J.: 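Here's a structure for you.
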Amino acid sequence: MLPLLPHAFAELSEDFHTRQNWEGFDNPFVVTENSDLKNELGINNLGDQQLLNIFNGTEKIKSLKPLSMVYSGHQFGQYVEQLGDGRGLLLGQMSSNSGLIDIHLKGAGKTPYSRFGDGRAVLRSVIREYLCGEAMHALSIPTSRALMIIGSDEMVIREKSESAAMLARTAKTHIRFGSFEYFHYNNQPENVKALADFCIDQYPAYFSSTPAAYEDFFRVIVERTASMIARWQACGFNHGVMNTDNMSILGETFDYGPYGFMEDYLPSYVCNHSDHQGRYAFKNQPYIGLWNCSALGHALSSLISEEAQGEILQTYEEIFQSTLAELFRKKLGLEQEESEDAALIQGLLDIMESEKLDYTNTFRNLTQALTNKITPELDSDIAKSWIVSFQERHTKEGLSVDKKLISMHQVNPKFILRNYMAQEAIDAAEDSDFSKLETLIVVLTKPFEELEEHQKFANKSPAWAKDLEISCSS
Ligand code: AMP
Ligand code: MG
């Protein structure tokens, strides 16, 4: 039996959610299940069919109180007054090594918040979400993760007809910035307070020993958001839809849609083809993170004075900058902080941009510059002069090169999820061949290892992939 408990959120009043059951598939099957996550949750005694039966609703857990959550949010800068789980249900919560964890089912059928949607998710998008959760987790970036993908013979219409699927996912929370915005803009300050109290009570991250509990709550959110986005920037991740309804209050990356890992370094990279203005471009992510935090601050204005909000929001930039600087230092194999670090890293980024170098591979191959080998990416004159300053900086630190090589390879991945890789796995899965998906999972969960047999996944994308367009439809 799955030790899944009713979620504490179900005890909040009906203003916060709608309790309901879900619609499983008639002919469900397991596309993949996450044995690593099952281990972490202590449920590897459960076979995949047992889990499938539970998540498909074939086997009922009577005590559960599944629910769809209401929220609103700013989408591309515009306030949208009612969103909510239009196709997802919070099934319950489980205890894990890192505390309580939400179990959510995406693609579970219609809810009162479905608007014009069909309540389903497509196999393509749940595979993308599954893969990215595993990739991000392996890169030590806080993220939701999926436990299982359930396939079906049900077809749904997007740009074309596609197979429907469900994703059972875990996250520390499903409360979003937009959850607070909903109550604020509906003029329900008592519910803003009730939700903040719920969070403070439920999540140890918000434990506060000062009388300013709401300020401390907001401070933690700002801190975690800044630090999460610094981690995105360090590995070239572009989220694509940083609407406030896709921002977790515990700073986990979630609601994966048209995301992309940048390949050639291009600060103006936009992974989402529906984002015509480039609002969520790679280089804008840090500002949008702050914009979203201020939108949340505004929604909390019945609890936190404007002055206190302003003071807390000011910490964002410092946390973001210092986290990113530290991550970049590690990527360069540097242990000490020096005033010239920012110029050194910017010098490298400038070369990557002007010479259209692959972000991941350039960092990965930097170790070769330390051992005086030819670095495939950095062979122009300007790059060679950068290498000289890079080597000088290392000589100053005087640590053993061998140790540095190891530590640099532990932070600069060899493998990231290039869009074409996900696409190949999706195309095969549409034809009931899940072997490519399984191979990718192996590669993405060991991004720092050499895995010579999978070398091709470390190469730049093939030419055909240049035309791959990733839209919002999912
Ligand atoms: P997303 O783009 O997945 O973050 O979703 C934005 C909003 O649209 C959320 O409120 C979703 O629940 C809702 N939504 C997206 N797709 C569907 C669908 N197929 N059926 C119902 N609601 C949906
Ligand atoms: Mg969303």
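Because only heavy atoms are used, hydrogens play no part in the values below, and waters and symmetry mates are left out as well, while side chains stay in. The structure displayed is predicted, hence computed values, not measured ones. Residue numbers count from 1 along this sequence. Whatever order the structure lists them in is the order used to number ligands and atoms, beginning at 1.
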J.: Please name the residue in the list R418, K356, K460 that meets the salt bridge (Lys or Arg N to Asp or Glu O under 4.0 Å) test with D264.
T.: K460

J.: Please determine whether D245 has a backbone or side-chain N, O or S atom lying under 2.8 Å from the Mg ion (ligand 2).
T.: no

J.: Salt-bridged, D118 to R158, with N to O below 4.0 Å?
T.: yes

J.: Check whether more than 12 heavy atoms from other residues, nucleotides or ligands sit under 6.0 Å from atom NZ of K414, and answer yes or no.
T.: yes

J.: For a distance under 2.8 Å, tell me if N243 has an N/O/S atom near the Mg ion (ligand 2).
T.: no

J.: Does NZ or CZ of R128 come closer than 6.0 Å to the centre of the six-membered ring of Y259, within 45° of the ring's axis?
T.: yes

J.: N39: which residues meet the side-chain contact (heavy atoms from CB on, under 4.5 Å) condition with it, sequence neighbours left out?
T.: N44

J.: Flag this pair as yes if the NZ/CZ of R279 is under 6.0 angstrom from the six-membered ring centre of W291 and inside a 45 degree cone about the axis; otherwise no.
T.: yes

J.: Run through ligand 1 for me and note each protein residue having a heavy atom under 4.0 Å from it, chain first, then residue number.
T.: Y71, L83, G84, D85, G86, R87, S114, R115, G117, D118, G119, R120, R158, N246, D255

J.: Using the six-membered ring wherever Trp is involved, compare the ring planes of Y185 and H298 and label them parallel, tilted or perpendicular (cut-offs 30° and 60°).
T.: tilted

J.: What atom name does the N, O or S atom of D255 nearest to the Mg ion (ligand 2) carry?
T.: OD2

